[in-house]
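The block underneath contains the structure these notes are about, expressed in structure tokens.
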Amino acid sequence: MIRRISFLLECSRIFSLPTTIFSWLVVFTYSVIYSGNVWYGILCLIGACLVHLGTNVLDDFFDYKTLIKQVDFNKSEYLKNTQNTKCRYLISGVLTETQVLGLAGFYFGCAGIIGLFFYIQCGAPVLKIGIIAGIIAVLYSFLSKIRLSEIAIASMYGPLLFCGVNYVMTKTISWEIFVLAIPTMLMTVILLYIHSVMDFDYDLKEGHYTVANIFNSQLDSLIILKILLIAAYISLFGICIFDISNWQVLLALLTIPLAVDLYKSMTEYSLDNDSIPVHKWFHFPMENMEHIEKLNAESFMMRMYQSRNLMMYFSLFLALGLILANL
């Protein structure tokens, strides 16, 4: 039973869940400072994680349906692809299409129950936020094919997540929460963008039109990554300028070396897709590396971990800064 659950969570790309958890941590910390309901905040995290996992599974399902429609699609050849492994469990037949849809339905159903509870307890704003988030989650796979995935993720991890958590905890929505959302929102978009850069050739082959493949090459597309990184760090000053919190939030600037390291790593990848980053102490955590090595997916997954961990540490320092500013 435990192995089965572990497998299903792996298929749901649980490794990406910290992006939701650490984004939530920032707005949760801010809301607690303003006497927010802690238990409602924790329940909101559970709901957000369920939506995240459900979106991942549904995205895989629609990607799989697109793949098998290709005339030249060959399962054996595709499974040799070390970069795009997210549909592996469907392509190999370990899970059926019905089971995958059932798993997505389970995640969204549980999230819906939590949303209904909040609607009863907190009122109409919860319903509005939930409906918008639900529409984006269901349509995400289609949006990702028409260069709107970054906007979808920015909406989900920016105003929707921050307003939703803040509202159920404090029963208020203020303009400050939108400014507070910007830094972690950009860091989450960066994680998605890096995935798009590394899937540059595969997305073109499969008819996915992303922001990254607007450019002529992976290396050229890194200009967007540079802009996003700079914008994320500059936006921290907005929190101070608009007097949302004090200078302590600038602790997140301590992650700049990790951002530089990530950019260098992506430059190396753009020049050689098979290059494997040197595993440094500050790259922790990088879980399941033995399994990843068996799949020969270190080049891809280590960089995904690098970008995920940058987002985690950035958010952690930001949350710590909020706490220190209010001691």
Query raised in the report: So, do Phe117 and Tyr40 have ring centers that fall under 6.0 Å from each other?
Result: yes
Query raised in the report: Is there a side-chain contact between Met311 and Ile190, using heavy atoms and a 4.5 Å cut-off?
Result: no
Report task. Say whether, by atom type as modelled, one donor and one acceptor occur between the side chain of Tyr167 and the main chain of Cys122 under 3.5 angstrom. Result -> yes
Report task. To the nearest 0.5 Å, tell me how far Glu10 CD sits from Arg3 CZ. Result -> 13.0 Å
Query raised in the report: Do you know the tightest heavy-atom contact between Cys49 and Ile21?
Result: SG-CG1, 4.0 Å
Requested in this report: Mark yes or no for whether Thr210, through its side chain, and Asn213, through its backbone, hold a donor-acceptor pair below 3.5 Å.
Outcome: yes
Requested in this report: List the atom of Pro159, the atom of Ala154, and the distance in Å for their closest heavy-atom pair.
Outcome: CD-O, 3.6 Å
Query raised in the report: So, the side chain of Trp24 versus the backbone of Cys44: is there a donor-acceptor pair under 3.5 Å, distance only?
Result: no
Query raised in the report: Linking I/L/V/M/F/W/Y whenever their side-chain heavy atoms sit closer than 4.5 Å, directly or via other members, would Ile256 and Ile230 fall into one cluster?
Result: no
Query - Full working for side chain to side chain donor-acceptor pair (under 3.5 Å) between Asn56 and Ser12 - result: CA-CA 6 Å; Asn56 284 348; Ser12 307; over 6 Å; no
Query - Pair Thr96-Thr98, side chain to side chain donor-acceptor pair (under 3.5 Å): steps then yes or no - result: CA-CA 5 Å; Thr96 66; Thr98 301; 4.6 Å; no
Query raised in the report: Is there side-chain contact between Met286 and Met301, with heavy atoms separated by less than 4.5 Å?
Result: no
Query raised in the report: Between atom CD1 of Ile276 and atom OG of Ser299, what is the distance when rounded to the nearest 0.5 Å?
Result: 6.5 Å
Requested in this report: Check the pair Met156 / Leu161 against side-chain contact (heavy atoms from CB on, under 4.5 Å), numbers first and verdict last.
Outcome: CA-CA 6 Å; Met156 291 284 279; Leu161 177 64; over 6 Å; no
Query - Asp243 side, atom CG; Glu176 side, atom CD - distance, nearest 0.5 Å - result: 9.0 Å
Report task. Might you point out which heavy atoms bring Phe108 and Thr55 nearest each other, and give the distance in Å? Result -> CZ-N, 3.5 Å
Requested in this report: Test side-chain contact (heavy atoms from CB on, under 4.5 Å) on Arg13 and Asp60 and set out the steps.
Outcome: CA-CA 10 Å; Arg13 283 180 271 154; Asp60 284 0; 2.7 Å; yes
Query raised in the report: So, for Phe314 and Tyr233, is the gap between ring centers shorter than 6.0 Å?
Result: yes
Query raised in the report: Is there a donor-acceptor contact under 3.5 Å from the side chain of Ser23 to the main chain of Thr20?
Result: no
Report task. Could you state whether Leu180 and Ile234 fall into the same hydrophobic cluster, counting links through intermediate Ile, Leu, Val, Met, Phe, Trp or Tyr residues with side-chain heavy atoms under 4.5 angstrom apart? Result -> no
Query raised in the report: Same cluster or not: are Ile194 and Ile151 linked, directly or through other Ile, Leu, Val, Met, Phe, Trp or Tyr residues, by side-chain heavy atoms under 4.5 angstrom apart?
Result: yes
Report summary line: For Asn309 and Pro285, the nearest pair of non-hydrogen atoms, with its separation, is ND2-O, 2.8 Å
Query raised in the report: Does the gap between the ring centers of Phe300 and His195 come in under 6.0 Å?
Result: yes
Query raised in the report: Regarding Tyr157 and His52, is there a side-chain donor-to-acceptor distance under 3.5 Å anywhere?
Result: yes
Query - Note: Glu287-Arg308 ion pair, threshold 4.0 Å (strictly below) - result: yes
Query raised in the report: Under the 3.5 angstrom rule, does the side chain of Asn326 hit a backbone N or O of Leu322 as a donor-acceptor pair?
Result: yes
Requested in this report: Following the transitive rule for hydrophobic clusters with a side-chain heavy-atom cut-off under 4.5 Å over Ile, Leu, Val, Met, Phe, Trp and Tyr, establish whether Tyr305 and Phe284 coincide in one cluster.
Outcome: yes
Query raised in the report: Distance-only, no hydrogens or angles: does the Asn246 side chain make a donor-acceptor pair with backbone N or O of Gln248 under 3.5 Å?
Result: no
Query raised in the report: Rounded to the nearest 0.5 Å, how far apart are NE2 of His283 and CG of Leu262?
Result: 8.5 Å
Query raised in the report: Taking side chain as C-beta onward, heavy atoms only, is Tyr30 less than 4.5 Å from Ile244?
Result: yes
Query raised in the report: Looking only at atom types and distance, does a side-chain atom of Asn166 sit under 3.5 Å from a main-chain N or O of Phe162, one as donor and one as acceptor?
Result: no
Query raised in the report: When you measure from the side chain of Asp220 to the backbone N and O of Phe215, does any donor-acceptor pair fall under 3.5 Å?
Result: no
Query raised in the report: Can you list the other members of the hydrophobic cluster that holds Phe317, where links are side-chain heavy atoms under 4.5 angstrom apart?
Result: Leu251, Leu254, Leu320, Ile323, Leu324, Leu327
Query raised in the report: Got a donor-acceptor contact below 3.5 angstrom from the Thr184 side chain to the Ser315 backbone?
Result: no
Report summary line: On a heavy-atom basis, the closest approach of Cys163 and Ile177 is SG-CG2, 3.7 Å
Query - Reported OG-to-OH distance for the pair Ser265 and Tyr263, which is rounded to 0.5 angstrom - result: 12.0 Å
Report task. Treat each ILVMFWY residue as a node, draw an edge where side-chain heavy atoms are under 4.5 Å apart, and state whether Met198 and Val278 are in one component. Result -> no
Query raised in the report: Hey, does Leu310 have a side-chain heavy atom less than 4.5 Å from the side chain of Leu229?
Result: yes
Report summary line: One should read off an interatomic distance between Leu318 CG and Met187 CE, to the nearest 0.5 angstrom, of 10.5 Å
**Report entry** Distance-minimising heavy-atom pair for Gly115 and Val126
**Finding:** O-CG1, 3.9 Å
Query - Given Leu58, Val57, Leu8, the one that forms side-chain contact (heavy atoms from CB on, under 4.5 Å) with Val100 - result: Val57
Query - Working for side chain to side chain donor-acceptor pair (under 3.5 Å), residues Arg303 and Ser275 - result: CA-CA 10 Å; Arg303 289 176 171 91; Ser275 66; 3.0 Å; yes
